[in-house]
Undergrad: 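Below you'll find the structure I mean.
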Amino acid sequence: MGSRPDHSSCSGGQQQQWPPWRLRPSGGGGDRFRDPLKSLAMRVSRLMLVTLRDDPAEAEIPSHKLLLRAGYIRRVASGIYAYLPLMWRVLQKVSRVVREEMDHTGALETLLPQLQPAELWQRSGRWAGYTAGEGIMFHLKDRQGRELGLGPTHEEVITALAADLLRSYRQLPVNLYQIQGKFRDEIRPRFGLMRGREFIMKDAYSFHADEASLRETYAAMDGAYRRIFARCGLRAVAVEADSGAIGGSASQEFMVTAAAGEDLILASADGRYAANQERAVSQAPEPVALPDGVRAAGQGAPLSTPKQTSIEALCEAHGFHPTQTVKVLLLLARFEDGNQQPLLISLRGDQQLNAVKLANAVTARCSAAHGALLDIAPLSAEAATKEGLGPIPFGFMGPHLGDAVLEGARNWAPTFLRLADPTATDLDAFVCGGNAVDTHLVGAAWGGLCPSPESLDLRAAQPGDRCQHDPSQRLEASRGIEVGHIFQLGRKYSEALEARFTNEAGVEEALWMGCYGIGVSRLAQAAVEQHHDDHGICWPVSIAPFEVIVVVANGAESDQLSLGERTYNELQDAGVDVLLDDRAERAGVKFKDADLIGIPWRVVVGRGAAAGLVELVERSTGHKQELPASNLLAALLPSLQTQRRGLEI
RNA sequence: CGGGAUGUAGCGCAGCUUGGUAGCGCACUUCGUUCGGGACGAAGGGGCCGCAGGUUCGAAUCCUGUCAUCCCGACCA
């Protein structure tokens, strides 16, 4: 337990009342008491630091392994983690950046309940979709038998509050946010904090008198988000996104680029277009014209195609190009009200279905009548038999498959919902299944074969496709971790929950809404994914648990110990967030741990201590310099101050 | 939910085929020697072998069931 030599100059007469590892009042750092992050002066011997030499078997990606090994997190249950003291400091720092930028836009911080009544969710129409089947909402009954859900998000609660509190256009716009835990019963929790079942999120909800005001706040959030990620030291890209179960119109995701990302991003090299693959659009390759064109007035000529059930087999056997074919997918959509709707989807043979686009299209056409879309799954032969249908020519289906095949269905809707992608409907003449086993039709055409189905974008854009904004550009793939998502919700929730205000003309109308999320705990792990090396984490200064670690190489040397203590105190007094490694470990152990936990700057007090020299090492670059301890602040502070601001935008 | 794998000390693993009541490395405790990149020696502590049945004189080991965790897929603001 060290004494505090040479400290009287800044701590006055107070020092003896405080154990050396506790914060005590000091002359120059009055505002440290208002800043919990700065007030926690720390010694490694008091930090409950437990680092692991081996990678835990449960971790797969670098950031997950490192957070476990470096003593930041521990798993409590699948997808549920304890944030240990170092991690909590990181999360607080991220939260502080988020809070500052949100406050800067005029948003108001709140805290909403996590336990929410089912009734609210029933009113918005999301209860069934979020709890039934593969829904992600944890839900329970209280002692009175009332149903409650653990909030996966807070649109319902906030909108109900808005309905209660916001009455006049004079109160608008308002933007409310909170930083707190969220619960989602993920089908497959993964990668530590990346996809947890309980996690920390910043969510904000804005309310507006008109769409223009919503767009303004949406743009302000876009700017705030870019600043937040830059300040946190993260390279992030904004991409067009699907708005998914949240609904609404415009939506943009912020992706931290990293190899371990769960999302595929498609972007043009000129930087003008970037989108999540779920949403991405592109120009499909030009089709190769079918040599003999339309045959039999568009009915097509039958062709014997034994066992050629795939586009690949068909093309190989007869020399067709995949772009000359139309493939037909048979799917079944299930809805909240129990309705089951068979879907017949036509795509050009070389194209892939984008399930998200399809789900959106089906929702738009059926949800008003049947409630939320629960899922869409391929319709199997067994399911058709079970339903009481006759044989279906799987592998040989054409777009002219009649509704007659659905006759006798016990529960399914009796007619297909027929949709097609433009790549299919744009073909003048094509090859397709003949609706009979071992038969295809060559030279079929829309109109002649059957009416052209409703046509809309259903295909998955692929890397290498030409861009719509500039066909000379091609889409390139990269992976990203979604750390933020902003939506223009419009009036979906306000109408469902009757959140209205009185406009300038004295007429009641529904509020316009936006919502804006940042995965705080996910962001912290994404930062590790983006900033690490073979030795451990390399935190950006702005979110590092500590900015500087002072390592006393040999605690048994009194010169080193006293200079280490003095350096530690000086850094503290200069407002630096500093950690002192005072453990009775060998120097190598302390260096390894310092690298592993990733403190951006290391000050080594070692051999040179007797001569008043210390070594300053930058974690990310490994750059070292030896300098007199008296010059340390001058050498360190300018860089530190720059780094605290994060990346340039 | 489908496919695959794994559960043995805090962490990483061996032992299981061929049953005989458990072992290695790291971590932890004590002592000594070390002391600038995860030291060395000595002596210790810690395990209802995931759980429940069954087979057997005897089960970590064989059988059945069950639970949990991880991976792939489906799925997923």
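Each chain gets a letter, A, B and so on, in the order its sequence line appears, and its residues count up from 1.
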Undergrad: Atom CD1 of A/Ile61 and atom P of B/rC70: how far apart are they, to the nearest Å?
TA: 13 Å

Undergrad: For the P atoms, the ones on B/rC71 and on B/rG65, what distance do you get once it is rounded to whole angstrom?
TA: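 To the nearest whole Å, 26 Å.
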
Undergrad: How far, in whole Å, is B/rG53 from B/rA43 if one measures between their P atoms?
TA: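 Taking atom P in both B/rA43 and B/rG53, they lie 41 Å apart.
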
Undergrad: Rounding to the closest angstrom, what is the interatomic distance between B/rC16 and B/rC28 at atom C1'?
TA: 29 Å

Undergrad: If we call it a pair only when both distances are under 3.5 Å in a Watson-Crick or G-U wobble match, what pairs with B/rC76?
TA: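 Here B/rC76 is not engaged in any pair, so there is no nucleotide opposite it.
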
Undergrad: Measuring only the C1' atom in each nucleotide, how far is B/rC49 from B/rG20? A whole number of Å is fine.
TA: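 Those two atoms are separated by 16 Å.
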
Undergrad: For nucleotides 32-42 of chain B, give me one character per nucleotide, 5' to 3': B if any protein heavy atom sits under 4.0 Å from the base, S if the only such contacts are to the sugar-phosphate, - if neither.
TA: --BSBBBB---

Undergrad: Could you tell me the separation between the CD1 atom of A/Ile376 and the P atom of B/rC1, rounded to a whole number of Å?
TA: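 Result: 22 Å.
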
Undergrad: Determine the Euclidean distance between corresponding C1' atoms of B/rA22 and B/rA9; express it in Å to zero decimal places.
TA: 11 Å

Undergrad: If I take atom CG in residue A/Leu331 and atom P in nucleotide B/rC75, what distance separates them, rounded to the nearest angstrom?
TA: 11 Å

Undergrad: Taking the inter-plane angle between the rings of A/Trp539 and A/Tyr72 on a 0 to 90° scale, is it parallel (under 30°), tilted (30 to 60°) or perpendicular (over 60°)?
TA: tilted

Undergrad: Tell which nucleotide pairs with B/rU34, taking only Watson-Crick or G-U wobble pairs whose two distances are both under 3.5 angstrom.
TA: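 Paired with B/rU34, as far as the under-3.5 Å criterion goes, is no nucleotide at all.
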
Undergrad: In the strands shown, is B/rA60 matched to any nucleotide by a Watson-Crick or G-U wobble pair with both distances under 3.5 Å, and which?
TA: none

Undergrad: Give me the one residue out of A/Leu176, A/Thr110, A/Leu112, A/Leu497 that meets side-chain contact (heavy atoms from CB on, under 4.5 Å) with A/Leu161.
TA: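 Among A/Leu176, A/Thr110, A/Leu112, A/Leu497, the one meeting side-chain contact (heavy atoms from CB on, under 4.5 Å) with A/Leu161 is A/Leu112.
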
Undergrad: Would you kindly give the CG-to-P distance between A/Leu264 and B/rC76, to the nearest whole Å?
TA: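 Taking CG of A/Leu264 and P of B/rC76, I get 17 Å after rounding.
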
Undergrad: I need the CZ-C1' distance between A/Arg197 and B/rC76, as an integer number of Å.
TA: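 For the pair A/Arg197 CZ and B/rC76 C1', the rounded distance is 14 Å.
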
Undergrad: In sequence, state the C-alpha distance, the side-chain angles, and the governing distance for A/Arg43 and A/Asp581, and then conclude on salt bridge (charged side-chain N to carboxylate O under 4.0 Å, His left out).
TA: CA-CA 6 Å; A/Arg43 288 160 187 266; A/Asp581 195 342; over 6 Å; no

Undergrad: In whole angstrom, what separates A/Leu49's CG from B/rA27's P?
TA: 14 Å

Undergrad: Under 3.5 Å, which donor-acceptor pairs link side chains of residues 595-615 of chain A to any protein atom two or more places apart or in another chain?
TA:
residue  : atom : partner  : partner atom : Å
A/Asp595 : OD1  : A/Arg602 : NH1          : 3.3
A/Trp601 : NE1  : A/Gln643 : OE1          : 2.8

Undergrad: Once you measure the plane-to-plane angle for A/Trp88 and A/Tyr83, does it fall in the parallel (<30°), tilted (30-60°) or perpendicular (>60°) bin?
TA: parallel

Undergrad: Mind checking who B/rG12 pairs with, Watson-Crick or G-U wobble, both distances under 3.5 Å?
TA: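 Because both required distances fall under 3.5 Å, B/rG12 counts as paired with B/rC24.
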
Undergrad: Given 3.5 Å as the limit, does a donor-acceptor pair link the side chain of A/Lys590 with the main chain of A/Ala584, or not?
TA: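 Checking the backbone N and O of A/Ala584 against the side chain of A/Lys590, no donor-acceptor pair under 3.5 Å is found.
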
Undergrad: With P as the reference atom in both, quote the distance from B/rC51 to B/rG10 in angstrom, rounded to an integer.
TA: 13 Å

Undergrad: Does B/rA68 have its OP1 or OP2 closer than 4.0 Å to a side-chain nitrogen or oxygen of A/Ser78?
TA: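 Indeed not, no polar side-chain atom of A/Ser78 lies that close.
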
Undergrad: Mind checking the C1' distance from B/rU34 to B/rG38? Whole angstroms is fine.
TA: 15 Å

Undergrad: When both hydrogen-bonding distances must be under 3.5 Å and the geometry is Watson-Crick or G-U wobble, what is B/rA68 paired with, if anything?
TA: B/rU6

Undergrad: For A/Arg75, report the nucleic acid contact type (base, sugar-phosphate, nothing); a contact means any heavy atom under 4.0 Å.
TA: sugar-phosphate

Undergrad: Looking at B/rC71, does its base get a donor-acceptor pair with the side chain of A/Arg190 below 3.5 Å?
TA: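 By the distance-only test, no, there is no pair.
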
Undergrad: Please give, in whole Å, the distance from B/rU69 P to A/Ile80 CD1?
TA: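 So the CD1-P distance, A/Ile80 to B/rU69, works out to 9 Å.
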
Undergrad: Applying ring-ring contact (aromatic ring centres under 6.0 Å, His included) between A/Trp121 and each of A/Tyr130, A/Tyr493, A/Trp127, report the one that passes.
TA: A/Tyr130

Undergrad: Just how far, in rounded Å, is P of B/rC75 from CD of A/Glu278?
TA: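 Spelled out: CD on A/Glu278 to P on B/rC75 is 11 Å.
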
Undergrad: For A/Arg74 and for A/His154, locate the closest nucleotide of RNA chain B by heavy-atom distance; then report the residue assigned to the nucleotide nearer the 5' terminus.
TA: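 In this pair, the answer is A/Arg74.
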
Undergrad: I'd like to check the salt bridge (Lys or Arg N to Asp or Glu O under 4.0 Å) partners of A/Glu186; sequence neighbours left out, ordered by chain and number.
TA: A/Arg195

Undergrad: Report the base-pairing partner of B/rU29 (Watson-Crick or G-U wobble, both distances below 3.5 angstrom), or none.
TA: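 With both distances under 3.5 Å, B/rU29 matches B/rA43.
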
Undergrad: If we take the P atom in both B/rC48 and B/rU55, what is their distance in whole Å?
TA: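 Each nucleotide's P atom is 26 Å from the other's.
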
Undergrad: Quick one: sort the A/His485 and A/Phe487 rings into parallel, tilted or perpendicular, breaks at 30° and 60°.
TA: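 Ring orientation, 0 to 90° scale: parallel.
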
